[in-house]
Structures are given as C-alpha cells and as structure tokens.
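Keep in mind that this is a model prediction, so the values were computed, not measured.
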Amino acid sequence: MTPITVSDVKAADTLDQSLTDCVEEAIKTALDIGYRHVDCAYLYLTEHIMGKVFREKFLDGTLKREDLFYTSKPHLVRPALERSLHSLQLDYVDLYLIHHPTSLKPGEDLWPVDESGAVAFDSADLCQTWEALERCKGAGLVKSIGVCNFNRRLLETILNKPGLKYKPVCNQVECHPYLSQSGLLEFCKSKDIVLTAFGVVGSPRAGGWVDQSVPSLLQNPVLISIGEKYQKSAAQVSIRYTLQRGAVPIVKSYSPERMKQNLPVFDFHLSPEDMKAIDGLNQNLRYWKFVPWEGHPHYHFHKTD
C-alpha cells in the first residue's frame, strides 16, 4: 500500500484549474445524464464548483432545487455548513453527515498538525457533535442528518444518547462484494437507518487513499460471468447487488461513458443464486484505510461491523 503523509494530504488543500474544470464538467455531465443524488463534503473543497453548476441548471430551467438531493459533511458543523451553503448558493442541504468519528483540532486549517508534523487530533465528544447537527436541522438548514464510517458501537453511542432529538437517517460506509458489512447492514435496518455504500465498484482512482494490494473488484470473474448473463458490466452487477441488499450505492466517476454505464441498473434483477454467489466473495477486504487517522482513539471504527 502506498503510504499517505500529512504533506500529501495538505497538498490537496487547493485545487488547480485543470482539476476544477474536470470536477465542473463531471457534475454537469452527471446531472445531464440523470443523476440527482450528489454526495460531497466541505473537506473536498469542491462545493463552490457544485454551486456554480447548480445555479446554472436552476436558472436555465433544466433542474429545480427539489429535484436535487445534496449530501454534505462538516468541518466545524454550523460554521462549515454556513460556508457550504454560501458556496453552493443553496438555502439548505438535504443530508448532513458527520464525516468521520475521528476529530481533528478545530481551526481554519483542514489538516492541522502538531510540532512533530503528525495529524493533530482533538477529543471532541461525538454526542456533542451530534447535538450541533440537531441544531442545524432545527434551524432548517438541513433536511436530515446522519453519519459516515460508524460501526455498530459508535451508532449505539448516538442512538442511546440521553435527550436524542433526531436519530441518524443513514450511515455511509465502505461496502461492496469484498466487504459485505452484513452485520452492520442488518443492524442499520433494525434501527431504520439507511446504509449508504461507497466503494461499490472498488474506488480504482482514489490513489494513495486506497490499498492497492486489494484485488480489482471489476476484474472478478464471478461478477464478470454474472454480468455476461444479463449483458451487464461487473460494475453494474455490483451496483445492482448493493441495491437488492437494501443499501444505497454511491459511485464516483469522471468518465461520461462510465456514468452512463453505471446508471441503467433497474432493468434487471439478480437471481437468488446470483446473490448467493456474490455473497461468497466477501473477504472483509477494505480499499480505504484512512491512514492519517491511525493515532486516533476511534481509528478502529472501521475494523468491525
């Protein structure tokens, strides 16, 4: 696995023009094709680009605000939300998520470091953070609130919080045929929490964030064979598998062709035999390792379901 250093992460604090243009074109293409759920975060530094595209679509009449479902994730909760709304040129976001159960030292620096150059962690209380999200919902700035990268124990911390006003509506985690998250999925269903799955096609372009030693999901012979039966790609099979399990897949791509290929997954249905075969691919393998968070008390949030 290629290691990630703090300097690598901090280098992403700004976007060059070529990447800005790439993101702008990708979101325009996705909306034109028919995608309506846009998943982003304050940390990604792309919300101003999203806002520009959204405004153009609203003004030319090709999209209404109610047609769009926008998910964001905060840095400092209310201040970050207000900056996000300004960048997005929106009055509210549809879904606001705690990005990680880990926390960094508060401030304007997205990736604070200590004297040794290591990531500077904070000891923020998850329940207090959740209360801040509840206040954002109460103020009408967000429609729904949820979490990312929480295991069962951390979800129970929120669900069992005294005075809970709003429970998480979703938990966004890595989930795909190599990492089925069966226990976590069933727990979320039992609590009426939607499991949103990222990494559904293996996150092949995530670079240093991803463990390159994990086998390529899209080259798996079982997925390819099942796809041939339905005249579908391995990616479409993985997306369809996720849907039939009762989870919500989110897929990232900059390629207009792949965006088009990933969308038609509602015109076929995997048989019980197909589902069982794909279930058998689970090896609890993770593409995403979250290396910068290794020193945090909650680092092992992703180790168990």
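- Side chain of Gln236 to main chain of Gln261: a donor-acceptor pair is present (N/O by atom type, distance under 3.5 Å, no hydrogens or angles).
- Atom CD1 of residue Ile224 and atom CG of residue Leu218 lie 8.5 Å apart, to the nearest 0.5 angstrom.
- In this structure a side-chain-to-backbone donor-acceptor pair under 3.5 Å is missing from Asn149 to Val173.
- Contact annotation: the side chain of Leu97 never approaches that of Val147 to less than 4.5 Å [non-hydrogen atoms, C-beta and beyond].
- For the 3.5 Å distance criterion, the side chains of His176 and Thr242 fail to qualify, holding no donor opposite an acceptor.
- The distance from the NZ atom of Lys52 to the NZ atom of Lys57 is 10.5 Å, given to the nearest 0.5 Å.
- Looking only at atom types and distance, the side chain of Tyr178 has a donor-acceptor partner in the side chain of Asn220 under 3.5 Å away.
- Taking CD1 of Ile193 as the reference point, atom CG of Leu159 lies at 4.5 Å (rounded to 0.5 Å).
- A distance-only check finds no donor-acceptor pair linking the side chain of Thr62 to the backbone of Phe58 [under 3.5 Å].
- A pairwise comparison of heavy atoms in Pro101 and Cys148 identifies CD-O, 3.7 Å as the closest pair.
- Checked against salt bridge (charged side-chain N to carboxylate O under 4.0 Å, His left out), Glu131 has the following partners two or more places apart in sequence or in another chain: Lys161.
- The minimum heavy-atom distance between Ser182 and Arg245, with the atom names listed, is OG-NH2, 3.3 Å.
- Proximity of a side-chain donor or acceptor of Asn171 to a complementary backbone N or O of Leu195 within less than 3.5 Å is not detected.
- Residue-environment remark: CD (Gln219) stays at or below the threshold of 12 foreign heavy atoms within 6.0 Å.
- When side chains are defined from C-beta on, Arg286 does not count as touching Val214, because their heavy atoms never get closer than 4.5 Å.
- Inspection of the Arg240 and Gln244 side chains reveals an N or O donor paired with an N or O acceptor under 3.5 Å.
- In this structure, CG on Asn151 lies 9.5 Å from CD on Gln181, to the nearest 0.5 angstrom.
- Counting heavy atoms from C-beta on, the side chains of Ile145 and Cys136 never come closer than 4.5 Å.
- Evaluation of the salt bridge (charged side-chain N to carboxylate O under 4.0 Å, His left out) rule for Lys143 yields no partner, not counting sequence neighbours.
- For the residue pair Ser253/Ser255, the side-chain donor-acceptor check at 3.5 Å is not satisfied.
- Contacts of Lys232 classified as salt bridge (charged side-chain N to carboxylate O under 4.0 Å, His left out), with partners at least two apart in sequence or in another chain: Asp267.
- Linking Ile, Leu, Val, Met, Phe, Trp and Tyr residues whenever their side-chain heavy atoms come within less than 4.5 Å leaves Phe266 and Leu263 in two separate clusters.
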Determine whether Ser84 and Val93 satisfy the following criterion, side chain to side chain contact (heavy atoms under 4.5 Å, CB included), listing intermediate values before the conclusion. CA-CA 9 Å; Ser84 290; Val93 298; 5.6 Å; no
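- Once rounded to the nearest 0.5 Å, the distance linking CG of Leu88 with SG of Cys40 reads 7.5 Å.
- The shortest heavy-atom contact between Leu184 and Arg152 is CD1-N, 3.9 Å.
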| message | Using the rule given for ring-ring contact (aromatic ring centres under 6.0 Å, His included), can you reason through Phe54 versus Tyr70, listing the C-alpha separation, both sets of side-chain angles and the distance that settles it, and then say yes or no? | response | CA-CA 10 Å; Phe54 294 161; Tyr70 186 83; 5.7 Å; yes
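- Salt bridge Lys252/Asp39: absent, no basic N to carboxylate O contact under 4.0 Å.
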Criterion side chain to side chain contact (heavy atoms under 4.5 Å, CB included) on Ser72 and Glu47, from CA distance to verdict: CA-CA 9 Å; Ser72 188; Glu47 290 190 316; 2.7 Å; yes
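- Ring geometry for His99 versus Tyr44: interplanar angle over 60°, hence perpendicular rather than tilted (30 to 60°).
- Residue Asp60 places its CG atom among more than 12 non-hydrogen atoms of other residues, nucleotides or ligands, all under 6.0 Å distant.
- By the 4.0 Å N-to-carboxylate-O rule, Glu56 lies close enough to Lys28 to be salt-bridged with it.
- Side chains of Asp274 and Ser271: a donor-acceptor N/O pair is present below 3.5 angstrom, by distance only.
- In terms of modelled atom types and a separation under 3.5 Å, the side chain of Arg78 and the main chain of Ala132 share no donor-acceptor contact.
- Side-chain N or O atoms of Tyr287 include none that pairs as donor or acceptor with a backbone N or O of Gly199 at under 3.5 Å.
- Residues Leu243 and Val265 are in side-chain contact: their nearest non-hydrogen atoms beyond the backbone lie under 4.5 Å apart.
- Clustering ILVMFWY residues whenever any of their side-chain heavy atoms sit less than 4.5 angstrom apart, transitively, puts Leu81 in a cluster other than the one holding Tyr92.
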message: If you apply the rule side chain to side chain contact (heavy atoms under 4.5 Å, CB included), what do you find for Val200 with Ile250, and how did you get there?
response: CA-CA 7 Å; Val200 177; Ile250 50 175; 5.8 Å; no
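- Shortest non-hydrogen contact noted between Cys170 and Leu95 is SG-CD2, 3.7 Å.
- Contact annotation: the side chain of Phe150 approaches that of Ile98 to within less than 4.5 Å [non-hydrogen atoms, C-beta and beyond].
- Residue pairs meeting the salt bridge (Lys or Arg N to Asp or Glu O under 4.0 Å) criterion with at least one member in residues 180-194, sequence neighbours excluded: Glu186-Lys189.
- Under the 4.5 Å side-chain contact rule for hydrophobic residues, Ile33 and Val53 do not share a cluster.
- Listed here is the closest heavy atom pair of Gly138 and Tyr166: CA-OH, 4.4 Å.
- Within 6.0 Å of CD on Gln231 lie no more than 12 heavy atoms contributed by other residues, nucleotides or ligands.
- Put simply, the side chain of Arg65 gets close to the backbone of Leu68: a donor and an acceptor are under 3.5 Å apart.
- At distances below 3.5 Å, at least one donor-acceptor pair connects side-chain atoms of Glu134 with backbone N or O atoms of Lys165.
- Contact check for Leu281 versus Val222: side-chain heavy atoms found under the 4.5 Å cut-off.
- For the pair Cys188 and Leu155, the minimum side-chain heavy-atom distance is below 4.5 Å.
- Residues satisfying the side chain to side chain donor-acceptor pair (under 3.5 Å) criterion with Asp279, sequence neighbours excluded, are Tyr241.
- Leu133 and Gly146 make their closest contact through CD2-O, 4.0 Å (heavy atoms, listed as atom of the first residue, atom of the second, distance).
- Residues Val194 make up the rest of the hydrophobic cluster containing Val248, defined by ILVMFWY side-chain heavy atoms closer than 4.5 Å, directly or through other members.
- Taking hydrophobic clusters as Ile, Leu, Val, Met, Phe, Trp and Tyr residues chained together by side-chain heavy-atom distances below 4.5 Å, Ile27 shares a cluster with Leu90.
- Leu270 places a side-chain heavy atom less than 4.5 Å from the side chain of Ile226.
- Going from atom OG of Ser233 over to atom CD1 of Ile239 covers 7.0 Å, rounded to the nearest 0.5 Å.
- Judged purely by atom type and a 3.5 angstrom limit, Trp130 has no side-chain atom pairing as donor or acceptor with the backbone of Leu164.
- Within the 3.5 Å criterion, the main-chain N or O of Arg83 finds a donor-acceptor partner in the side chain of Ser87.
- One hydrophobic cluster, built from ILVMFWY side chains closer than 4.5 Å, holds both Leu217 and Met275.
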